[in-house]
Every structure is written in structure tokens, then in C-alpha cells.
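What follows is a set of notes on a single structure, which appears directly below.
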Amino acid sequence: TAGISTLGGSTAIIYVTQKAGLFERYGLDVQIVYFGSGAIAASGLLSGEAKITLMSASSTLAAAIGGADVVQIGGLVHKLAYGLMVASPITNFQDLKGYSVGIAGFGGASDFAANYIIRKEGLVPGKDVLILSVGGQPERLSALSSGKVKAVLLEPPFTGRAEKLGFRRLVNFPSLDLEFQTMGLVTTRSNLKSDRKTYLDFLKAITEGIYFFKSHKKESTGILASILKTEDRDALEEMYLLYGRHLMPEVPYSSIKGMQNALELLALRNPKAKSKDPMDTVDDSLVKEMEGEGFITYLRKTYSLGEQK
């Protein structure tokens, strides 16, 4: 069982991998569980409900600082894909003073993004702009539509949906020079030690899924449309180009700088984070093994990333 912390472009690769039959190719029978936030995904991992989860560095590091035996074995997305979507009468960032920004949950990637941008714009999180835990992306868009909040953080295709409903994109995070481990593959050290080959096979399947995604646009966008229940071609196109062209690495090493940025947010609330070394929560040995045995070379020969099928 594999858990995901959010439903969107950053986790869509697991569905593409599944629908393309790549888990089966490596002898795996993978069931996907949607948890809705990083904190809940971490709990699901630690309880044994999931054997591996796709979640942000913030959630992984928060669990590790709390004493959990978690380890990130691969990095899938190294930048934030969010758009800060706002409702009328917000026209600039200072207009958000006194209002709330909706995020998935505290301690995750959207929490980091909200804190980062509020501080960057010279305001104080929790004082000038409140941060409200709303839930998954559908719940956040609903909160914006109902007027519960004036701003939310969304990823494609929900950013495009929001724009079609008349909301504005005040901040486009992918354009910022900011590295963050938005999504990583996380398990426990005990799981990894007891069944290393299964995790290597899972990593191979996901990595081949990335190559399939990048080279098979038509099939991949069809899978995205199905899992996200949308036929909005513009939103799907935005999501595909963002993740397929820019955000997903060809070799899924963890982003140490992105992990460090996550730690800096955690340190604002938890002093223990200040002394934490992100390398303590990373084990890229499976990626190195996969690369060393020629698997990446095989994928580059098999999938023509310069061509769209």
C-alpha cells in the first residue's frame, strides 16, 4: 500500500505509473491510499497502513524531529508548484492583511509556502495574515468559492479551475528562485532494512513512470483527467507542461537544499529543528544503486524525451 498526502500534479506520477502497468512490470501490486495531508500520511506510514508515502519534506522532517523512524528514499518534485489564488477585493499582497490563507494542513508544503510568501512580502504570519488549515485541494477551492477565505494555495489543475471561476493568481511559485522538496518517497528505516529489494523495485517503477509521463503526453493527460475528474484541457495542459517539462527530475535524488528550506520553516515553531541535519532523514542509496546498474541509461534509450507520443 502506498499513501499520498495530496491529490494533484505532485502525486499524479503514482497513478500514471499504476495505469501504465509499470508496478506490475516490477512484480508489485500497489494499492493507493489518499490521506489528504502530510501529517495524516506520516501517521498512516508509522501505523503500517501504508508501506511508503508520497509527502513533502516538511511532513517527513516534522515526523523525524518527533522521533519517528522515517527516511526519504527519493525526491520527486524539487520546487513548489503552487499558485496563490485570491478572491476580490484582493489586488496586491498588502490587501491580504486581516484575511486568511487556506492551506492543506500545518507542517506541510502549503504551510511552508504560505509562511514563506507572507514573510517575503513583509507581513507577519498569524498576525497580519492568518493561516487556516482547510484540507485537500478540492476543499481549498471550495473554501475560496464560498468566501470562507480570501486566498488559498493550489496546484495545477486546480489553479486553472480557480481562474475559470474568476479568481486571480497573485503569486506563481514555480517562477520563484526557491528550492523545496515538495514531494518525496518516504518510508521507515525498518521497512527499508527488512525489504530493500521491494523498495528498489518501487523506485524503479516510479522512475520509469516519470519517463513514461514525460514522453507520452496523450496517455498521461488522459490518466490525469481520470484521476482528477476534470476535462478542462487548459488546466491539464498547464499541469502536464509544469511537471513533465520542469518539475520532475529524470533521476529522483533528494534535494538537500529543499530539505534545508523545510527545516527553516519548522524551526520557527520547533526549536529542535535548528539542530537537525537534513541528511539524517535522507537515504539516496537506492537511487545510486539504480543509476549504478545502468537503469537510468536504459530508460534514456527506451524513452525518447524529446518526442511526444
Side-chain angles (χ1 to χ4, degrees), residues 1-4 7-32 51-55 72-79 81 155-157 174 181-187 192 195-228 233 236-255 258 282-309:
T1 301
I4 58 172
L7 185 59
S10 60
T11 56
I13 190 62
I14 194 170
Y15 289 99
V16 172
T17 303
Q18 183 186 56
K19 298 290 186 183
L22 297 174
F23 286 128
E24 289 85 350
R25 178 175 295 178
Y26 295 93
L28 303 173
D29 180 14
V30 175
Q31 306 299 316
I32 302 169
K51 294 295 185 183
I52 192 166
T53 58
L54 277 66
M55 60 188 191
Q72 180 171 297
I73 62 172
L76 296 177
V77 182
H78 299 337
K79 291 192 77 174
E155 296 178 338
Q181 189 75 78
T182 298
M183 200 56 57
L185 293 168
V186 184
T187 187
L192 183 58
D195 201 1
R196 185 179 175 86
K197 185 183 183 301
T198 294
Y199 288 96
L200 178 61
D201 289 338
F202 186 93
L203 186 63
K204 284 182 175 180
I206 286 285
T207 304
E208 185 162 350
I210 291 172
Y211 278 75
F212 180 93
F213 183 75
K214 286 174 177 286
S215 60
H216 291 69
K217 181 178 179 181
K218 183 178 179 181
E219 294 93 329
S220 296
T221 52
I223 293 168
L224 296 177
S226 173
I227 64 166
L228 296 169
R233 306 313 300 179
L236 290 167
E237 178 79 4
E238 179 193 13
M239 181 167 62
Y240 180 82
L241 291 177
L242 180 62
Y243 286 97
R245 295 287 184 275
H246 303 295
L247 298 186
M248 285 187 179
E250 292 179 23
V251 187
Y253 280 106
S254 298
S255 165
V282 172
D283 183 344
D284 274 339
S285 63
L286 290 177
V287 183
K288 290 176 183 175
E289 183 176 338
M290 182 174 68
E291 192 173 27
E293 67 182 34
F295 186 70
I296 301 300
T297 301
Y298 155 75
L299 292 179
R300 285 175 175 155
K301 288 179 179 177
T302 305
Y303 294 88
S304 197
L305 298 189
E307 300 174 9
Q308 294 300 312
K309 294 182 180 180

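These values consider heavy atoms only, across backbone and side chains, with no hydrogens, waters or symmetry-generated copies.
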Please report the C-alpha distance between T182 and L247 in whole Å, then the side-chain angles of each, then the deciding distance to 0.1 Å, and finally whether the side chain to side chain contact (heavy atoms under 4.5 Å, CB included) criterion is met. CA-CA 10 Å; T182 298; L247 298 186; over 6 Å; no

Begin with the C-alpha distance, continue with both residues' side-chain angles, and end with the deciding distance and a verdict on side chain to side chain contact (heavy atoms under 4.5 Å, CB included) for V287 and T207. CA-CA 9 Å; V287 183; T207 304; over 6 Å; no

Side chain to side chain contact (heavy atoms under 4.5 Å, CB included), that's the test. Do T17 and F212 meet it? Break it down for me. CA-CA 8 Å; T17 303; F212 180 93; over 6 Å; no

Which is it for V251 and R300 under the side chain to side chain contact (heavy atoms under 4.5 Å, CB included) test, yes or no, and what are the steps along the way? CA-CA 11 Å; V251 187; R300 285 175 175 155; 3.7 Å; yes

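Atom CD1 of I14 sits about 7.5 Å away from atom CD of Q18, to the nearest 0.5 Å. The CG atom of L242 sits 10.0 Å away from atom OG of S10, with the distance rounded to the nearest 0.5 Å.
Q181 places a side-chain N or O within 3.5 Å of a backbone atom of V77 that can act as its donor or acceptor partner. Proximity of a side-chain donor or acceptor of Y240 to a complementary backbone N or O of F213 within less than 3.5 Å is detected. Not one N or O on the side chain of H216 forms a donor-acceptor pair closer than 3.5 Å with the backbone of Y303. Of the possible polar contacts, none joining the K214 side chain to the E250 backbone as a donor-acceptor pair under 3.5 Å is found.
The two atoms that bring G9 and E155 nearest to each other are N-OE1, 4.1 Å, heavy atoms only.
With no hydrogens or angles considered, a side-chain donor-acceptor pair links Y199 and T187 at under 3.5 Å.
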